[in-house]
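Sharing a structure, written as structure tokens. Questions coming.
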Amino acid sequence: MSRYLFCYQTLVTFSKPVAAHAVLLRCQPVNTRCQQIEEQHLLLPPDFAFRHSTDGFGNRIVYGCQREPHCTLAYVSTGIVQLTPYTVERGAEPVAIYRQPTALTSLAEPVTVRNFGDPIETALQICHQVHDVLDYMPQTTDVETTAEEVWKKRCGVCQDYAHLMLAVCRQKGIAARYVCGFVAGTGETHAWVEVFDGYAWVGFDPTHDLRIQLGYVKLAHGRDVSDCPVSRGVYQGDAIQQTSVNVMLQEI
């Protein structure tokens with residue numbers, strides 16, 4: 001077992017005051033077989049009214065609203081998690097939904113990948129191939145970029161690596177789902193893939209070309225990024241919004 005300290009900080013600023021600023025957050029880790037929360041804290045402004053719940057995939061969510069006019073909104077999720085080698089137990093949701101392509105994970109043509117018969121060995125081959133064909137290039141894609149576009153452009157960020165791996169896995173009949181969370185180090189949130197081996201979910205990171213063991217803290221999962229964004233918000237006003245995110249995950 002390893003222990004990790006995490007800290008997720010977000011600062012949202014506006015060029016002029018806005019009101020009725022509602023947000024939905026998935027910024028708190030989940031308890032799984034390989035990930036146990038030892039300590040956690042969520043810091044929000046005192047005038048921000050919020051509630052805790054779960055979404056349709058079982059992910060933890062925080063939602064609420066700051067109604068009074070304001071120019072900034074800051075929130076922090078921090079705590080300590082205990083990690084063992086990455087294996088996530090099967091939940092109540094049907095596995096079949098993760099074999100079906102979505103608008104973001106469809107490919108027009110089949111991708112040639114060696115099929116080992118075993119879903120994990122095949123997924124590892126797909127992970128290697130996705131890593132090899134893509135170049136990591138920030139600001140070349142956005143949250144609406146599809147796996148088909150990524151396949152043609154041959155570049156993207158972690159979200160795009162995950163979407164392309166999901167697309168190929170699903171072409172091969174392998175159940176695979178999108179995951180967002182923290183990876184050891186500093187920076188922003190990260191995206192990877194979980195593949196179902198018939199009993200549990202196994203993690204793969206095509207951006208770094210590896211089967212996940214330690215150093216990854218899961219926040220949420222879904223069919224693609226549209227099911228589980230870390231944060232989403234709406235507000236009243238015509239201000240220009242800027243968002244700064246800083247993530248730290250460190251073994252202690």
Gap between atom CG of L124 and atom CG of L210 - 0.5 Å precision: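 Rounded to the nearest 0.5 Å, the CG-CG separation comes out at 9.5 Å.
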Quick one: side chains of residues 4-24, donor-acceptor pairs under 3.5 Å with protein atoms, not counting sequence neighbours, listed by atom name and distance.
residue, atom, partner, partner atom, Å
Y8, OH, T10, OG1, 3.0
S15, OG, I240, N, 2.9
H21, ND1, H70, NE2, 3.1

Please output the side-chain donor-acceptor pairs of residues 184-193 that fall under 3.5 Å, not counting sequence neighbours, one pair per line with the distance.
residue, atom, partner, partner atom, Å
H190, NE2, D205, OD1, 3.3
H190, NE2, D205, OD2, 2.9
W192, NE1, Y86, OH, 3.0

For P85, enumerate each residue passing the side chain to side chain contact (heavy atoms under 4.5 Å, CB included) test, keeping only those at least two apart in sequence or located in another chain.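 P85 satisfies side chain to side chain contact (heavy atoms under 4.5 Å, CB included) with Q213, L214 only.
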Identify the two heavy atoms, one from G215 and one from L83, that lie closest to each other, and give their separation to 0.1 Å.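 Closest approach of G215 to L83, heavy atoms only: N-CD1, 3.9 Å.
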Report the residues that fulfil side chain to side chain contact (heavy atoms under 4.5 Å, CB included) with T32, sequence neighbours left out, ordered by chain and then residue number.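 Residues passing side chain to side chain contact (heavy atoms under 4.5 Å, CB included) with T32: V30, C34, Q35, V88, E89.
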Closest heavy-atom pair and its distance - W151, V111: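 Smallest heavy-atom distance, with atoms named: CH2-CG1, 3.9 Å.
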In the single-linkage hydrophobic clustering (I, L, V, M, F, W, Y; side-chain heavy atoms under 4.5 Å), do F204 and L107 co-cluster?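 Yes, same cluster.
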Y63 vs R51, test: side chain to side chain contact (heavy atoms under 4.5 Å, CB included). Steps then yes/no. CA-CA 6 Å; Y63 63 96; R51 294 183 179 181; 3.7 Å; yes
Who are the side chain to side chain contact (heavy atoms under 4.5 Å, CB included) partners of P138, not counting sequence neighbours?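 Side chain to side chain contact (heavy atoms under 4.5 Å, CB included) list for P138, sorted by chain: Y136, V157.
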Quick one: salt bridge (Lys or Arg N to Asp or Glu O under 4.0 Å) partners of R3, sequence neighbours excluded?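 E38.
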Mind listing the closest non-hydrogen atom pair of C228 and N59 along with its distance?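 Heavy atoms of C228 and N59 come nearest at CB-ND2, 4.2 Å.
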Steps toward side chain to side chain contact (heavy atoms under 4.5 Å, CB included) verdict (W201, Y98): CA-CA 11 Å; W201 296 92; Y98 297 112; 3.7 Å; yes
Going by the rule salt bridge (Lys or Arg N to Asp or Glu O under 4.0 Å), which residues pair with D227 if we only count those two or more places apart in sequence or in a different chain?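 Only R223 meet the salt bridge (Lys or Arg N to Asp or Glu O under 4.0 Å) criterion with D227.
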Between atom CD1 of I61 and atom CG of L219, what is the distance when rounded to the nearest 0.5 Å?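 That separation rounds to 13.5 Å.
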Going through the distances and angles, do L44 and Q66 end up as a side chain to side chain contact (heavy atoms under 4.5 Å, CB included)? CA-CA 10 Å; L44 286 160; Q66 187 168 357; over 6 Å; no
Strictly by salt bridge (charged side-chain N to carboxylate O under 4.0 Å, His left out), give each pair with a member in residues 129-150 just once, sequence neighbours left out.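 Salt bridge (charged side-chain N to carboxylate O under 4.0 Å, His left out) check on residues 129-150 returns E148-K152.
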Under the salt bridge (Lys or Arg N to Asp or Glu O under 4.0 Å) test, residues paired with R26 that sit two or more places apart: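 Salt bridge (Lys or Arg N to Asp or Glu O under 4.0 Å) check on R26 returns D55.
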Distance alone, cut at 3.5 Å: any donor-acceptor contact between the side chains of D160 and T141?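 Yes, side-chain donor-acceptor contact under 3.5 Å.
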Nearest 0.5 angstrom please: S106 OG to Q100 CD, how far?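 Taking OG in S106 and CD in Q100, the distance rounds to 10.0 Å.
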Over 60° means perpendicular and under 30° means parallel, so classify the ring planes of Y178 and H163, tilted if in between.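 Rings of H163 and Y178: tilted, as their planes differ by 30° to 60°.
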Following the transitive rule for hydrophobic clusters with a side-chain heavy-atom cut-off under 4.5 Å over Ile, Leu, Val, Met, Phe, Trp and Tyr, establish whether V217 and M248 coincide in one cluster.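 No, because V217 and M248 fall into different hydrophobic clusters, even though each may have its own neighbours under 4.5 Å.
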Heavy atoms only: give me the nearest A200-T87 pair and the separation to one decimal.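 It is CB-CG2, 3.6 Å.
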Step by step, would you call T207 with L134 a side chain to side chain contact (heavy atoms under 4.5 Å, CB included)? CA-CA 9 Å; T207 305; L134 296 185; over 6 Å; no
Anything under 30° is parallel, anything over 60° is perpendicular, the rest tilted; go ahead and classify Y161 against H131.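 The rings of Y161 and H131 sit tilted, inter-plane angle from 30° to 60°.
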Suppose the criterion is salt bridge (charged side-chain N to carboxylate O under 4.0 Å, His left out): which pairs have a residue in residues 58-72, not counting sequence neighbours?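 Pairs touching residues 58-72 that pass the test: none.
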If you take all heavy atoms of V195 and C169, which pair is closest and at what distance?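 Heavy atoms of V195 and C169 come nearest at CG2-SG, 4.3 Å.
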I'd like to know if V245 and L73 are part of one continuous hydrophobic network [Ile/Leu/Val/Met/Phe/Trp/Tyr, side-chain heavy atoms within less than 4.5 Å].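 Yes, L73 connects to V245 through the hydrophobic network.
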Measure across A103 and T146 and return the closest heavy-atom pair with its distance rounded to 0.1 Å.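 Shortest heavy-atom separation between A103 and T146 comes out as O-CG2, 3.5 Å.
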Distance (rounded to the nearest 0.5 Å) between D224 CG and T102 OG1: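 One gets 3.5 Å once the value is rounded to the nearest 0.5 Å.
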Could you note down all residue pairs passing salt bridge (charged side-chain N to carboxylate O under 4.0 Å, His left out) where residues 168-184 supplies at least one of them, sequence neighbours left out?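 Sorted pair list: E93-R177, R177-E194.
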Contacts of T112 that satisfy side chain to side chain contact (heavy atoms under 4.5 Å, CB included) - sequence neighbours left out: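 Listed in chain order: nothing, the list is empty.
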Treating Ile, Leu, Val, Met, Phe, Trp and Tyr as nodes and any side-chain heavy-atom pair under 4.5 angstrom as an edge, say whether F57 and Y216 lie in one connected cluster.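 Linked within one cluster.
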Q36 CD to I80 CD1 distance, which is reported to the nearest 0.5 Å: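 If I round to the nearest 0.5 Å, the distance is 14.5 Å.
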Rounded distance (nearest 0.5 Å) linking atom OG1 of T243 with atom CD of Q241: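 Nearest 0.5 Å value for the OG1-CD distance: 4.0 Å.
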Given the rule that I, L, V, M, F, W and Y join up when any side-chain heavy atoms are under 4.5 Å apart, are L249 and Y75 in one cluster?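 Yes, L249 connects to Y75 through the hydrophobic network.
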Quick one: does C127's side chain get under 4.5 Å of M165's, heavy atoms only?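 In contact.
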